[in-house]
Visitor: 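The structure that follows is given in the form of structure tokens.
Basis for what follows: all heavy atoms, side chains included, without hydrogens, waters or symmetry-related copies. Remember, predicted model here, so these are calculated numbers, not experimental data. Reminder, nothing fancy here: chain letters follow the sequence lines and each chain counts from 1.
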There are 2 protein chains.
Amino acid sequence: MIAEPTQPTVAAAQIEFWFDFGSNYSHISAMRIERAAAERGVRVIWKPFLLGPIFKTFGWNTSPFVAHRALGDYMWKDMIRQCAKYGVPWRQPSVFPRLSVLPLRVALVGVDQPWIGEYCRRIMRRNFVEDRDIHTPEAVGEILGALGLPAADLIARAQAEPNKLKLRESTDTAQASGVFGAPTFFARGEMFWGNDRLDDALEFAVGPSAS
Amino acid sequence: MIAEPTQPTVAAAQIEFWFDFGSNYSHISAMRIERAAAERGVRVIWKPFLLGPIFKTFGWNTSPFVAHRALGDYMWKDMIRQCAKYGVPWRQPSVFPRLSVLPLRVALVGVDQPWIGEYCRRIMRRNFVEDRDIHTPEAVGEILGALGLPAADLIARAQAEPNKLKLRESTDTAQASGVFGAPTFFARGEMFWGNDRLDDALEFAVGPSAS
């Protein structure tokens, strides 16, 4: 018998990247996901959401890294080692976690635009490398302007009611999907938590290799 | 100028492996640490401790995987994938977390004995592969007996006051060292948390390669 030739997969593999600009481990993933995904032919779907409201459903009023000193002390050391491992620039921020609502709203406006990746990396860099606030219109406007984008217009759209609702809905969807931290990835319906699982998620997105 | 030849390191590299038999991610590390360490010429120092009292200092009365449903649901899926990745046998236990005081006390008695690794793997296997309780003298005795060890004598020594104190001291030392979960590794004074960091910890234990 002669085997039928395998039908090539038509739909491109994709990965959902759920992140919050206040999340330090999201910083590592934001810096490396586009390259890592491209190497495997996987498309990145950027999914901005707010982690704070999800923590509140657990009865947590802040990041567990702030609430529990031992966790926090360790995390800052781990970040130095992990960023070195992945070649990601890093400086421990003097404010943590930083307010991230406005840049997340702008990310939602640009989520299907070609500038989304570079925008997200620049916001992350400002927070976790330059140690500067990211929540003011000035901060976000500076980055949009540097990308040659109409900052005032984008920020106005980001702050309009329908887009505010969109961020709340995104956060609700995250929670309903079982997201409890950031970054979180979804590939072919499966959830993967943490930058440590990005490569596993990408492998899973590509699917089992034909054999 | 001619450089002095580098002095070879005399002390063998070593890694401390802090674990609790009730901890599912400790299961993965227990199954693979001796081989992974041997491949790099690193000696494993087994460090049994009780995770529960440390959780209590955070105000947690049980494992976060039990307290927070979203974390727990995810963890069971992650365990299937991680065990497959590392080739570690696994079955989701029907009781979690299982009581682990007695087997930990016995581990403390045997911590410097040649049977410590095999004993720990068999306790883990009973909990996380065979889905059986591990806290009774019968359970522990069965495993010690299978290893050809004097079960009754070892269990008596394990339950004697000085050894009970030793487990409390081990747990206190873990807490004082910043341990907040299991498995945790120490290499050259640096702490690494989680099975995900075992390879990083082993690399660090070996130290920077001469160049």
Visitor: Test A/F96 against A/W76 for ring pair (Phe, Tyr, Trp, His ring centres under 6.0 Å), laying out the working first.
Guide: CA-CA 11 Å; A/F96 179 84; A/W76 297 121; 5.0 Å; yes

Visitor: Taking 4.5 Å as the heavy-atom cut-off, does anything in residues 168-202 of chain A contact chain B, and if so which residues?
Guide: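 Within residues 168-202 of chain A, near chain B: A/G178, A/F180, A/E190, A/M191, A/F192, A/W193, A/D196, A/R197, A/D200.
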
Visitor: Count the heavy atoms of every other residue, nucleotide or ligand shown that sit under 6.0 Å from CZ of A/R125, and state whether that count exceeds 12.
Guide: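 Open.
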
Visitor: Relative to chain B, which segment of A/R69 carries a heavy atom at a distance below 4.5 Å: side chain, backbone, both, or neither?
Guide: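 For A/R69, neither part sits under 4.5 Å from chain B.
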
Visitor: Strictly below 4.0 Å, N to O, side chains only: are B/K85 and B/D78 in salt-bridge contact?
Guide: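 Salt bridge between B/K85 and B/D78, a charged N being under 4.0 Å from a carboxylate O: no.
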
Visitor: Taking only Lys NZ, Arg NE, NH1 and NH2, and the carboxylate oxygens of Asp or Glu, determine whether A/R122 and A/E118 approach each other closer than 4.0 Å.
Guide: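 Salt bridge flag = yes for A/E118 with A/R122.
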
Visitor: Could you report the tightest heavy-atom contact between B/L51 and B/D20, atom names first, then the distance?
Guide: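 Closest approach of B/L51 to B/D20: N-OD2, 2.9 Å.
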
Visitor: Looking at A/R121, I'd like to know if its CZ atom is crowded, meaning that more than 12 non-hydrogen atoms belonging to other residues, nucleotides or ligands lie closer than 6.0 Å.
Guide: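 Counting neighbours around CZ of A/R121, more than 12 heavy atoms of other residues, nucleotides or ligands fall under 6.0 Å, so yes.
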
